[in-house]
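Below is one structure, written out as structure tokens; the observations come after it.
Naming convention: chains lettered A, B, ... in sequence-line order (proteins, then strands); numbering from 1 in each chain. Just so it is clear, the model here is predicted, and its values are computed rather than measured. Below, all heavy atoms of this structure are taken into account, side chains as well, without hydrogens, waters or symmetry copies.
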Number of protein chains: 2
Amino acid sequence: MAAAPGARCSQCGMHAFCSTAARAGGAGVELIAAKVRVRKGDDVVRAGAPFAALYAVRAGTCKSVLVTPDGQEQIVDCHIAGDIVGADGLAGGTHESTITALEDGEVCALPFDQLETLARANREFQRNLHALLAREIRREQRALLMLGTMRAEQRLAAFLLDLADRYAARGYSASEIVLRMTRDEIGQHLGMKLETVSRLFSRFDQEGLIRVHGRDVKLIDRGALKQLVQAGLH
Amino acid sequence: MAAAPGARCSQCGMHAFCSTAARAGGAGVELIAAKVRVRKGDDVVRAGAPFAALYAVRAGTCKSVLVTPDGQEQIVDCHIAGDIVGADGLAGGTHESTITALEDGEVCALPFDQLETLARANREFQRNLHALLAREIRREQRALLMLGTMRAEQRLAAFLLDLADRYAARGYSASEIVLRMTRDEIGQHLGMKLETVSRLFSRFDQEGLIRVHGRDVKLIDRGALKQLVQAGLH
DNA sequence: CGTAAGTTTGACTTACATCAAGTTTTGTGG
DNA sequence: CCACAAAACTTGATGTAAGTCAAACTTACG
């Protein structure tokens, strides 16, 4: 179950980890990552499950979902290949959100006690691990800013720009996005109804900001999108 | 600038840290916390400042604020005595949110490289540090759920219950709250306007859920408040 | 004690939700 | 590969929660 050695780690967000982990390996510890295939709709982790590992998304995309007592769902974040997920389970020992594959893909389970052992052995790896957790705090703070202060059109524009930037950072096209979420899921993520998402896509298309065909979205006028997010013009 | 030894650490959220830190101290490291007085309105950390330490709130309350490019403010969280703040700065090396005192108080600066050194030396302390970061992830995920799925009245009810619970966990009254935030600040935290906050306080008071006198709030019918949050009845 | 900051309440507006119908896409078994 | 059902999407008409504007009231503070 050990990961294939050197398997395209350079594109993986865990890269910094694994490379320092390899060096820290000299200290007598080695990271054993279990690579798992997931099919669309599979749960990577389920809310309430005991926490034991972080998961590196090797291929595909995932959503992490929190559910209210009355059944309403909030998509807390969506993850693309290279992201590390599941850190919320670390507090309290059980996962709080359910992480589900949005398409077929592959994840690596990284046993957390092994990560901690490596972090104790290697200062650089430790810092990377902490940065990983802090990055999640930061992403969520930004999401709060978005939900708390922006209007629907701004949130959707910000969402598209963020997604494009993240794909770009992983070497994919920065303007051609294939959404893996339904309109309903995008709505659950951005705090609006699917009809509103649909209407905004149509309007952005009409206004020449983007070009939409179902789940294929092409960013046409990034400048205008950015301005929309920032200025919040009516 | 070292903290007064044994200074009411039992009430401090850092307690688990310091106690294990003391034990880890046998490994030749000691935590030097700088205790600082803050006045109402003082910034504990400013957005953009280089990250060097976490801050334990020893007395008083703080808010952490994120600002949009166009000047809108989102109060990401508010912190009471016993909380540890400033973890968002760990990613990227600079603080992203500004943390401001809402009343006179006292904070301890905990140099992060010292915390990391202790974490490498002591497994239990390391786990506590990780749990601290994960708890923040969790709080923010819940806040996202709140902003993304709930209506204004539910958010305010949830806010009051959370605040009461947190005070209770620190040994204060679970039903008598003294708000340290203005209506405007509460609105900036919950994603609504100050007028809406005011109206909801008045309505909750009329309906007998709470008793409001300015910033003094007494929770009367916690059951009803909880039901309001969960059921979202119209 | 007076001014400024904060709060309340009312009248009106608006962004988004809801309800509803029709269209397109996706997936599956014959 | 096609047929057909289910799921996803679009668009319109209407409703409503919360925002905006405005004025009066209360509390905190120099």
Side-chain angles (χ1 to χ4, degrees), chain A residues 39-41 63 70 72-75 100 102-104 146-157 159 178-207 210-217 228-229 232-234, chain B residues 39-41 63 70 72-75 100 102-104 146-159 178-207 210-217 228-229 231-234:
Chain A
R39 299 206 135 278
K40 180 177 177 177
K63 60 173 178 179
D70 60 319
Q72 288 215 80
E73 301 194 348
Q74 172 71 23
I75 296 181
T100 307
L102 291 169
E103 59 181 324
D104 294 359
M146 202 168 85
L147 287 183
T149 67
M150 295 184 186
R151 286 177 305 98
E153 52 176 16
Q154 296 178 279
R155 276 174 281 166
L156 186 63
F159 167 73
V178 178
L179 297 170
R180 296 272 124 92
M181 293 199 263
T182 66
R183 303 284 126 118
D184 195 14
E185 284 171 321
I186 294 169
Q188 283 171 18
H189 181 42
L190 300 177
M192 60 186 89
K193 294 290 142 170
L194 68 302
E195 292 96 329
T196 305
V197 177
S198 179
R199 274 184 247 270
L200 287 172
F201 271 133
S202 300
R203 220 185 75 202
F204 284 179
D205 187 308
Q206 273 166 33
E207 291 170 347
I210 62 177
R211 185 99 308 174
V212 191
H213 287 102
R215 303 211 186 155
D216 297 331
V217 178
L228 181 61
V229 173
L233 306 167
H234 298 228
Chain B
R39 301 206 133 277
K40 180 177 175 176
K63 60 174 178 178
D70 61 318
Q72 288 215 80
E73 301 195 346
Q74 172 69 24
I75 297 182
T100 308
L102 292 169
E103 59 181 323
D104 294 359
M146 201 168 87
L147 288 183
T149 67
M150 295 183 185
R151 285 174 307 98
E153 53 176 15
Q154 296 178 279
R155 276 174 283 169
L156 185 63
F159 169 72
V178 179
L179 298 169
R180 299 266 116 98
M181 292 198 264
T182 66
R183 303 283 126 117
D184 196 13
E185 285 171 322
I186 295 170
Q188 283 171 18
H189 182 40
L190 300 177
M192 59 186 91
K193 295 288 142 170
L194 68 301
E195 292 96 330
T196 305
V197 177
S198 178
R199 274 184 247 271
L200 286 172
F201 271 134
S202 300
R203 221 186 75 201
F204 285 178
D205 187 310
Q206 274 168 31
E207 290 171 346
I210 62 177
R211 184 99 309 173
V212 190
H213 287 103
R215 304 212 185 156
D216 297 331
V217 177
L228 182 62
V229 173
L233 307 167
H234 298 228

Query raised in the report: Thinking salt bridges, do B/Lys40 and B/Asp104 make one under a 4.0 Å N-O criterion?
Result: no
Report task. Sequence neighbours left out, what passes salt bridge (charged side-chain N to carboxylate O under 4.0 Å, His left out) with A/Asp216? Give chain and number order. Result -> none
Query - Any residue meeting salt bridge (charged side-chain N to carboxylate O under 4.0 Å, His left out) with A/Arg215, in chain and number order, not counting sequence neighbours - result: none
Got a list of protein N/O to nucleotides 5-7 of chain C N/O distances below 3.5 Å?
unit_1	atom_1	unit_2	atom_2	d
C/dG6	O3'	B/Arg215	NH2	3.4
C/dT7	OP1	B/Arg215	NE	3.1
C/dT7	OP2	B/Arg183	N	2.7

Nearest 0.5 Å, please: how far is [atom2] in [Y] from [atom1] in [X]?
X        : Y        : atom1 : atom2 : result
B/Glu207 : B/Leu228 : CD    : CG    : 8.0 Å
A/Leu147 : A/His189 : CG    : NE2   : 8.0 Å
A/Gln74  : B/Met146 : CD    : CE    : 11.5 Å
A/Arg151 : A/Leu156 : CZ    : CG    : 13.0 Å
A/Leu200 : A/Ile186 : CG    : CD1   : 10.5 Å
B/Glu153 : B/Thr196 : CD    : OG1   : 11.5 Å

Query raised in the report: Does the base of D/dG19 carry an N or O that pairs as donor and acceptor with the side chain of B/Arg199 under 3.5 Å?
Result: no
Whole-Å distance separating the [atom1] atom of [X] from the [atom2] atom of [N]:
X        : N      : atom1 : atom2 : result
B/Leu190 : D/dA17 : CG    : C1'   : 16 Å
A/Asp104 : C/dT26 : CG    : P     : 15 Å
B/Arg203 : C/dT8  : CZ    : C1'   : 16 Å
A/Lys193 : D/dC9  : NZ    : C1'   : 16 Å
B/Leu200 : C/dT9  : CG    : C1'   : 13 Å
A/Leu147 : C/dC16 : CG    : P     : 12 Å
B/Gln188 : D/dA18 : CD    : P     : 18 Å
A/Leu102 : D/dA8  : CG    : P     : 12 Å

Report summary line: Any stem touching DNA chain D, meaning at least three consecutive Watson-Crick or G-U pairs under 3.5 Å, ordered by first number, would be C:1-30 with D:1-30
Query raised in the report: Are A/Asp205 and A/Arg211 side-chain neighbours, meaning at least one heavy-atom pair lies under 4.5 Å?
Result: yes
Query raised in the report: Which pairs, with at least one residue in residues 183-202 of chain A and sequence neighbours excluded, count as a salt bridge (charged side-chain N to carboxylate O under 4.0 Å, His left out)?
Result: A/Lys63-A/Glu185
Query raised in the report: Considering only D/dA17, C/dT9, C/dC16, which nucleotide approaches the side chain of B/Arg151 most closely?
Result: D/dA17
Requested in this report: Taking only the side-chain nitrogens and oxygens of A/Thr196, find out if one of them lies under 4.0 Å from OP1 or OP2 of C/dA17.
Outcome: yes
Enumerate the protein-to-nucleotides 22-28 of chain D contacts in which both atoms are nitrogen or oxygen and the separation is below 3.5 Å.
none

